[in-house]
Amino acid sequence: MTNTDAYGHVRGESVYLDDIPLIYNTLFACVFDSPVAHGILKSVDLSQALKLKGVVSILLALDIPGVNQIGGIVPDEPLLAEGHVHFQGMPIALVLAETEEIAQAAAKKIKVVIDPLEIITDPRIAFEKNELIIPPKKFKMGDSDLAFKDCVHVFSGRADVNGQEHLYIETQGAYSVPMEGGGIKIYSSTQGPTAVQRTVARVTGLPMHRIEVEVGRLGGGFGGKEDQASSWACLCALGTLLTNRPVKYSLHRMEDMRMTGKRHPYSADFKIGLNKDLNIQAYEVVFYQNAGAAADLSPAVLERTLFHCTNSYFIPHVTATAYSCRTNLPPNTAFRGFGGPQGMFVIESAITHAAEKLKISPSVIQRKNLITPGEEFPYGQKAESEAVTTWVQADSYFDFEKIISAAHDFNLKNKNKKRGVALMPICFGISFTKTLMNQARALVHVYTDGSVAVSTGAVEMGQGVNTKMQQVAAETFSISSGQVKVHSTNTLRVANTSPSAASATADLNGKAVLLACEAILNRLKIVAAEELNIPFHTDTIKIENGFVFHQNIQTKLDWKTLVNAAFVRRVNLSEHAHYATPGVHFDWTISKGHPFSYHVYGTAIIQVTLDCLRGIYEVDFVKGVHDYGKSMNTLIDQGQIEGGIVQGLGWMTMEELVYDVNGKLRSNALSSYKIPDIYSAPRTIDIQPLATTRENLAIFSSKAVGEPPLMYGIGAYFAIRDAIRAFNTNASPEYDAPFTPEKVLMALYDSEINKFHSHHSSH
Ligand code: MTE
Ligand code: HPA
Ligand code: MOS
């Protein structure tokens, strides 16, 4: 089954927030945001802005009737600045005007006086000044101090990895409409309708039952709308509350890039110890997360960095410490992988560093240390590992040795073009690491014409979850998919939802749909038994392809007649079902538990070709084997894999987020922030499925697919490094992603002298 959204998307008929037909009397909003990254807000002058014809009102923090607070995990983030500003792009005022143009023009006329304070953009400096969002988090297994003493090889170093702009095609936005009796309906481009509802309730002072949040679909979220869609919804809702008019705000691209947080940059120190057989015995790592000016989701992201700090490897002695450091950047937030990729980049850097010192291929160390079934992750969960399986299968499909030696031959024959190869195993835990979030609900109605309506807490953001929900209902009832319609995500139909995130949306909501359909199906079977005058038994009565079967023989009773018979008998044709992932728990007092219902594994091999005169590169291919469980929809899952890989490659190669020392975003538009296009995508992506059957925890035995493939992209960084060293054997560039062509060029012509002066120490 293809993605049901594809038809509307290619015809331009799919409705996004900005496509909602304008409602009579709508006001348009525009934020005035801080031009200074840190300071005391002395005064705001609205006089010139208010003189513009068509400006209806301008709201400040003091106009907020409820609480001026949008922090989800830590209450440290005002919606509108009050007294202080903490980052460039922090909302200070909201202009409401008759047209979008007037709102934008008025915002430009607002003047502020800000007494500047010291600006911190570097997480290590924030750490030195004890600017921590939360107390440090630590994972410990075994005794790394002791274990290092027994290691034959010990290496240490530093790894840095930059952030990433989400660049969803649809920018952030919201549209709020006054409802009878003082309520508000909000159309929002959010991954978390309930987060929006809860935050709007707090800011407006209204109870949650007065606030309806409606989400049709998103033009991409990638984590950027898990928490950060709330501001715009709150601002529009405030506008509606204070003017009793609909308020719309659809951010311009540069506003969005300037005001929203991104993937967290990290800086890390590592120490890795190996025995003579190259088994990693000990690993010590300290992470400095650049959280930005407020907590947002940073604490949870920090935790996932720890959960994935050993990637797919078993290391008996691990000490991992993570600091969430407060800087004067926009609050950083969820982004596909949720901190996991950053942790994985650091262990891969450590392994590569060790291999280079030992003059062996990193793949030797990688292969030797893959986690095997029953071995323990540093957080206490035992692996049901497919790490070796995916590695071995990828090797047998694609022949690593052949690829590596062909690249070697190419390098012997070519002076100014070099090929580099890297292996990239991945391991990603599925479930929200916050156990309570692993729940979902679905509402299923069967109508008297036999058609079925499904509502869940799942938000369609391009990942194809609606198609999967439709499949669950159609397969469970054994009716055609055309008889099932998946409706918008709405807090009135499904309440208290977890955000669509953690790759678990189909897992959680799909199970809820399944439970709802099964409950209705069971009631229908009882009706079928009565109608056909046969004994009721769930196993002998089946519905297949729209007909009732008894003991595998088709009866005359069809789906629609059965549904009608049930209705006549006053049988309930609707069900609201609840699902909570079984078996997941975690105890933060000891940092041990079983946080994930399962892990997704895979192994990829990545090859790049480097132009050593220019420092530019092409990714020739990404090939590998990925653990899908039993894929529910291979087309959609392949799409997720290809998109994830290209997004991961972009993060590791060309996407360069630049804030200057004043905390001003310099890469603030598509002209200065380059994401991969079709020319920079790999020539070939060939990811073969590994069908695993050991688990039945996810819907229809599938495994989550949304985030894990992004991490194959990390391999591109190390493939580029490999190619550089084929050209310049002395090159030992710092581990500092992304590997932009500028950095590549510097590394190609790096000399021992340059290296000596480098500030990164290693031995
Ligand atoms: N794919 C598309 N097309 N658009 C998106 O915004 N978000 C990613 C991933 N794939 C995203 C996407 C992220 S960050 C997550 S967590 C998952 O999809 C969320 O959806 P799922 O839980 O249904 O996999
Ligand atoms: N993943 C993604 N989003 C989240 C998580 C997580 O583990 N926890 C809270 N939000
Ligand atoms: Mo995805 S970062 O969990 O929205």
Side-chain angles (χ1 to χ4, degrees), residues 33-42 69-78 81-90 92 114-139 156-163 227 258-271 284-306 309 319-333 339 342-343 346 657-666 734-736 758-761:
D33 58 295
S34 177
V36 172
H38 193 198
I40 296 166
L41 182 60
K42 297 294 250 195
Q69 183 50 250
I70 59 168
I73 298 179
V74 181
D76 67 349
E77 192 179 358
E82 217 176 338
H84 281 80
V85 290
H86 299 281
F87 63 92
Q88 275 205 37
M90 182 175 187
I92 293 175
I114 296 170
D115 278 358
L117 294 170
E118 187 196 14
I119 294 163
I120 300 173
T121 59
D122 180 330
R124 288 186 188 249
I125 293 173
F127 171 76
E128 280 163 19
K129 294 182 185 283
N130 204 25
E131 284 287 345
L132 297 183
I133 299 268
I134 47 160
K137 298 250 173 190
K138 201 171 199 149
F139 274 13
S156 54
R158 165 174 167 163
D160 290 87
V161 55
N162 206 343
D227 209 51
R258 184 173 76 232
M259 293 195 279
T260 64
K262 325 215 172 285
R263 182 191 291 287
H264 293 78
Y266 275 71
S267 186
D269 296 315
F270 61 78
K271 183 172 167 192
E284 218 176 83
V285 60
V286 181
F287 294 104
Y288 302 92
Q289 178 200 54
N290 191 335
D296 191 271
L297 292 167
S298 297
V301 171
L302 191 80
E303 288 164 15
R304 209 176 253 280
T305 303
L306 289 176
C309 73
T319 306
T321 312
Y323 300 102
S324 182
C325 308
R326 191 189 303 275
T327 62
N328 298 110
L329 301 184
N332 287 315
T333 194
Q342 290 94 321
V346 178
L657 201 59
V658 180
Y659 286 98
D660 66 18
V661 288
N662 295 316
K664 183 184 174 71
L665 180 67
R666 291 295 181 170
E734 291 156 7
Y735 295 90
D736 185 11
S758 147
H759 67 277
H760 291 178
S761 67

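None of the values given here were measured: they were computed from a predicted structure.
No side-chain donor-acceptor contact under 3.5 Å links H38 to the backbone of I119. For N290 (side chain) and T327 (main-chain N/O), no donor-acceptor pair under 3.5 Å exists by modelled atom type. A donor-acceptor pair under 3.5 Å links the side-chain atoms of N328 to the main chain of I120, judged by distance alone. Panel note: side chain D33, backbone M90; no donor-acceptor pair is recorded below 3.5 Å. Listed for the D660 side chain is a donor-acceptor partner under 3.5 Å among the backbone atoms of N662. A donor-acceptor pair under 3.5 Å is absent between the side-chain atoms of T321 and the main chain of V286, judged by distance alone. Counting only distance, with no hydrogens or angles, the side chain of Q69 and the backbone of E77 share a donor-acceptor pair below 3.5 Å.
Considering all non-hydrogen atoms of both residues, I114 and S34 come closest at CD1-OG, 3.9 Å. Residue G663 comes nearest to L329 through the heavy atom pair CA-CD2, 4.2 Å, listed as atom of the first residue, atom of the second, then distance. Between A81 and I92, the shortest heavy-atom contact is CB-CG1, 3.9 Å. Among all heavy-atom pairs drawn from A293 and F87, the shortest one is CB-CD2, 3.7 Å.
Here the straight-line distance linking atom OG1 of T333 with atom NZ of K262 works out to 10.5 Å at 0.5 Å rounding. If you take CZ on F139 and CD on E303, they are separated by 7.5 Å, rounding to the nearest 0.5 Å.
Aromatic ring pairs are classed by plane angle as parallel below 30°, tilted from 30° to 60° and perpendicular above 60°; the pair Y323 and Y288 is parallel. Between H86 and H84, the ring planes lie parallel to each other; the angle is under 30°, not in the 30° to 60° tilted range.
Inter-residue side-chain proximity for D122 and S267 is flagged as unmet; no heavy-atom pair is nearer than 4.5 Å. In this structure the side chain of T305 never reaches within 4.5 angstrom of the side chain of H264, judged on heavy atoms. Between Y659 and P330 there is a side-chain heavy-atom pair separated by less than 4.5 Å. Looking at S298 and I134, their side chains never come closer than 4.5 Å, going by heavy atoms from C-beta outward.
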(message) For a side-chain contact (heavy atoms from CB on, under 4.5 Å) check, start with the C-alpha distance between I133 and Q289, then their side-chain angles and the critical distance, and finish with the verdict.
(response) CA-CA 10 Å; I133 299 268; Q289 178 200 54; 5.9 Å; no
(message) Could you walk me through whether T121 and V661 satisfy the side-chain contact (heavy atoms from CB on, under 4.5 Å) test, starting with their C-alpha distance in whole Å, then the side-chain angles of each, then the deciding distance to 0.1 Å, before giving a yes or no?
(response) CA-CA 7 Å; T121 59; V661 288; 5.7 Å; no
(request) Check the pair L657, L665 against side-chain contact (heavy atoms from CB on, under 4.5 Å), reporting the backbone distance first and the verdict last. (result) CA-CA 8 Å; L657 201 59; L665 180 67; 4.1 Å; yes
(request) Show your working on side-chain contact (heavy atoms from CB on, under 4.5 Å) between V346 and Y266 and close with a plain yes or no. (result) CA-CA 9 Å; V346 178; Y266 275 71; 5.9 Å; no
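Classification of D160 and R124 as a salt-bridged pair fails, no side-chain N sitting under 4.0 Å from a carboxylate O.
Screening L132, N130, I125, L302 against C325 for a side-chain contact (heavy atoms from CB on, under 4.5 Å) leaves a single residue, L132. Of the candidates T260, D296, L297, P331 forms a side-chain contact (heavy atoms from CB on, under 4.5 Å) with just one, namely D296.
Looking at E284 and T319, their side chains never bring a donor and an acceptor atom within 3.5 Å of each other.
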